[in-house]
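See below for the structure under consideration.
We name chains A, B, ... by the order of the sequence lines, and we start the count at 1 in each one. These numbers were taken from a predicted model, which means no experiment stands behind them. Reckoned from all heavy atoms, side chains included, excluding hydrogens, waters and symmetry mates.
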Amino acid sequence: MLRDAYKDLKERGFIYQETDAEALQKLLNSEPVTFYIGFDPTADSLHIGHLLPIMAMRRLQEAGHKPIALVGGATALVGDPSGKSEARPIMSKEIVAGNAAALKSQLSRFIDIDNSIFVNNADWFHDLLYIDFLRDIGSRFSVNKMLTAESVKMRLETGLSFLEFNYMILQAYDFSVLNREYGCKVQFGGQDQWGNIISGVDLTRRMNQAEVFGMTFPLLLNSQGQKFGKTAGGAVWLDPTRTPVFDYYQFWRNCDDADVGKLLCFFTSLPIEEIKALSALEAPAINRAKEILAYEATVLAHGKAEAEKAYLAACSKFGFSDPDNKIPTSSSVKDIKPAAGGVDDLPTFEVPAEELEGDGIWVVKLLAMSGLCNSNGEARRLIQGGGAYLNDERIGAVETNVTAADFNDGSLILKAGKKKVKRIIM
RNA sequence: GGUGGGAUUCCCGAGCGGCCAAAGGGGGCAGACUGUAAAUCUGCUGCGAUAGCUUCGAUGGUUCGAAUCCAUCUCCCACCA
């Protein structure tokens, strides 16, 4: 039983480019199709930038198709020049292998691993001899043509090493191998992958005499036209040790008004009609749409329990946008009781007792120690700028000291700006 | 291999031998305004309580004094072969 996966992707805005729309739609509606998406293990965690392909994978799987998740253990050693203005530092084989394992476990949160295939292209590139490779595969590529690829053209200005130049060929070969071994018929990828994908489609046709397809997803930009998923601290990661769940939730919660609808389509499974209604909400009610987005996205990445915690922590801090559940939604967020009362999931920091003796501890030092500020200097500037709060009262002077008297029942609340808070305990 | 150009604080980029912790922009942070949004305006943006300390690809040198001059090295880029 197949759902119309093509229509689903189309409606939700996933489709940017495709090789043969009509034939692809027909294929997806006539049989369970094996498809693949590749991820290069360039870090030990995926980040939000990877999420769009992952969500597409999930939707396709739910519609009855079979995903292959390819981890590029070999290609990461080469480095994809697509969409990058300069070469990345070359990574050691050990690091790449470690990253590959980490990615696999993260991917398994989003897709049903029992019904998917995990492969690592290091497996087939490992034994390939250079001369054989040149003869069998290299002979089928035209340098003239490769030079016209957007990803290559862009780098002709700044420089492109021969190593990176090969990337396209390697990725193309991946497709042909997956087609031969697993009957893989479609490759999906980000917008910048178009060149690599079509060269794979071409190569597979020539090597295997098989008709295969490619499709790319749009590049996500926020409404300012900046790359999506980057914040002050860099990328937003799926690994909770890199990006705490609360911050992950907040990333979505703080999205731009204009983007909520789009993001709900991509990153939640809510029905499209509901999304339309939510994103059409006016003024303050739009915040409910953001809460739903943040909650749903966090459920996917970190599980329901964690998402609830993040939701309650955020709402108890900033307020519930729809405490009475007036806005209809199918999201399970509506079942969370705001009345849970006393929910306080603030990160804590324990001050060593000796610091509080005598005159107490200098606030600047405490701010820096607790991790709210990166240095004493930053803490001082924060106070001078009026952005530091002790038990919700603005700290007026840099010279302030914190003593045991500032603690209520052994704890006090220290804020750096409106969004960074820590509970300090003694 | 030859010749020329370059490497500056998170990024881009300006820097006269002293007035440079280093112009300007971007980004970031904070404040005001708000809806935990956007836009706008304001302040801050190497470390340090101060004295001071460490930074301008690396290492040495010249000088009272070097991001600025010299030597060597490393890496990039361009043109030629």
Side-chain angles (χ1 to χ4, degrees), chain A residues 84-90 155-161 163-164 221-236 246-264 278-295 297-298 310-323 327 338 345-346 355 359-369 371-390 392-402 414-421:
Chain A
K84 298 190 184 64
S85 53
E86 49 191 59
R88 295 217 178 185
I90 291 189
R155 289 289 296 279
L156 251 24
E157 309 272 324
T158 53
L160 177 70
S161 68
L163 175 76
E164 293 176 284
L221 300 171
N222 62 25
S223 49
Q224 271 119 90
Q226 294 156 334
K227 219 173 191 172
F228 179 78
K230 298 275 180 190
T231 61
V236 176
F246 182 75
D247 294 350
Y248 186 84
Y249 175 93
Q250 284 291 297
F251 167 77
W252 297 102
R253 175 58 248 264
N254 284 323
C255 79
D256 207 282
D257 282 10
D259 293 334
V260 206
K262 198 169 75 183
L263 298 178
L264 283 165
L278 286 173
S279 54
L281 290 169
E282 287 293 323
I286 187 83
N287 283 324
R288 183 57 170 173
K290 295 188 190 181
E291 276 177 15
I292 293 169
L293 167 67
Y295 170 76
T298 308
Y311 168 78
L312 287 172
C315 288
S316 56
K317 198 155 124 192
F318 299 111
F320 290 83
S321 65
D322 182 25
I327 297 163
D345 195 32
L346 301 179
E355 297 281 356
D359 292 339
I361 181 171
W362 185 31
V363 243
V364 169
K365 193 173 169 193
L366 184 60
L367 245 10
M369 263 172 94
L372 286 167
C373 295
N374 290 320
S375 68
N376 288 5
E378 191 178 311
R380 185 176 325 109
R381 274 179 249 124
L382 186 76
I383 294 172
Q384 282 163 352
Y389 302 81
L390 176 65
D392 283 322
E393 272 186 49
R394 180 172 287 172
I395 300 171
V398 174
E399 296 77 22
T400 309
N401 272 25
V402 174
L414 199 58
K415 280 197 193 181
K418 281 176 182 153
K419 295 182 191 173
K420 272 188 289 181
V421 191

Check for a donor-acceptor pair, side chain of Arg253(A) on one end and backbone N or O of Ala294(A) on the other, with a separation under 3.5 Å. no

Give the nucleotide from the list A30(B), A32(B), G48(B) with an atom nearest to the side chain of Leu382(A). A30(B)

Take the angle between the ring planes of Tyr249(A) and Phe246(A) and call it parallel below 30°, perpendicular above 60°, tilted in between. parallel

Winner on side-chain proximity to Trp362(A), out of U36(B), C29(B), A49(B), is A49(B)

Quick one: Phe251(A) CZ to A37(B) C1', roughly how many Å, whole number? 13 Å

Does this structure show an ion pair linking Glu291(A) with Arg288(A), if we count only N-O contacts that are shorter than 4.0 Å? yes

How far, in whole Å, is C10(B) from U62(B) if one measures between their P atoms? 31 Å

Sugar-phosphate only, base, or nothing, as touched by Lys418(A) at under 4.0 Å among non-hydrogen atoms: base

Between Ser375(A) and G48(B), is there a side-chain N or O to OP1/OP2 distance below 4.0 Å? yes

Among Asn401(A), Ile395(A), Val398(A), Leu382(A), the one residue meeting side-chain contact (heavy atoms from CB on, under 4.5 Å) with Val363(A): Ile395(A)

Roughly how many Å is it from NZ in Lys290(A) to P in U36(B), rounded to a whole number? 10 Å

Answer with base, sugar-phosphate or nothing: what part of the nucleic acid does Gln384(A) contact at a heavy-atom distance below 4.0 Å? nothing

Can you find a side chain N or O atom of Tyr311(A) that sits less than 4.0 Å from OP1 or OP2 on U36(B)? no

Atom CD of Glu378(A) and atom C1' of G48(B): how far apart are they, to the nearest Å? 14 Å

Using whole Å, report how far CZ of Arg381(A) lies from C1' of G28(B). 12 Å

Is Lys415(A) close enough to C29(B) that one of its side-chain N or O atoms is under 4.0 Å from OP1 or OP2 there? no

Would one find a side-chain N or O of Asn287(A) under 4.0 angstrom from OP1 or OP2 of A37(B)? no

Sugar-phosphate, base or nothing in reach of Ala314(A), heavy atoms under 4.0 Å: base

For atom C1', what is the distance between A32(B) and A23(B), given to the nearest Å? 28 Å

Rounded distance in Å - CE (Met369(A)) to P (G48(B)): 14 Å

Checking contacts here: which listed nucleotide (U36(B), G31(B), G48(B)) is nearest the side-chain heavy atoms of Asn376(A)? G48(B)

Rounded to whole angstrom, note down the P distance from C47(B) over to C11(B). 15 Å

Provide, to the nearest angstrom, the distance between the NZ atom belonging to Lys420(A) and the P atom belonging to G28(B). 14 Å

Identify which nucleotide among G31(B), A38(B), A49(B) has an atom closest to any side-chain atom of Arg394(A), counting heavy atoms from C-beta outward. G31(B)

If I take atom CG in residue Asp256(A) and atom P in nucleotide G35(B), what distance separates them, rounded to the nearest angstrom? 17 Å

State whether Arg380(A) places a side-chain N or O below 4.0 Å from either non-bridging phosphate oxygen (OP1 or OP2) of G46(B). no

Between A38(B) (C1') and Glu282(A) (CD): distance, integer Å: 15 Å

Neighbour count above 12 (heavy atom, 6.0 Å) for Lys317(A) NZ: yes

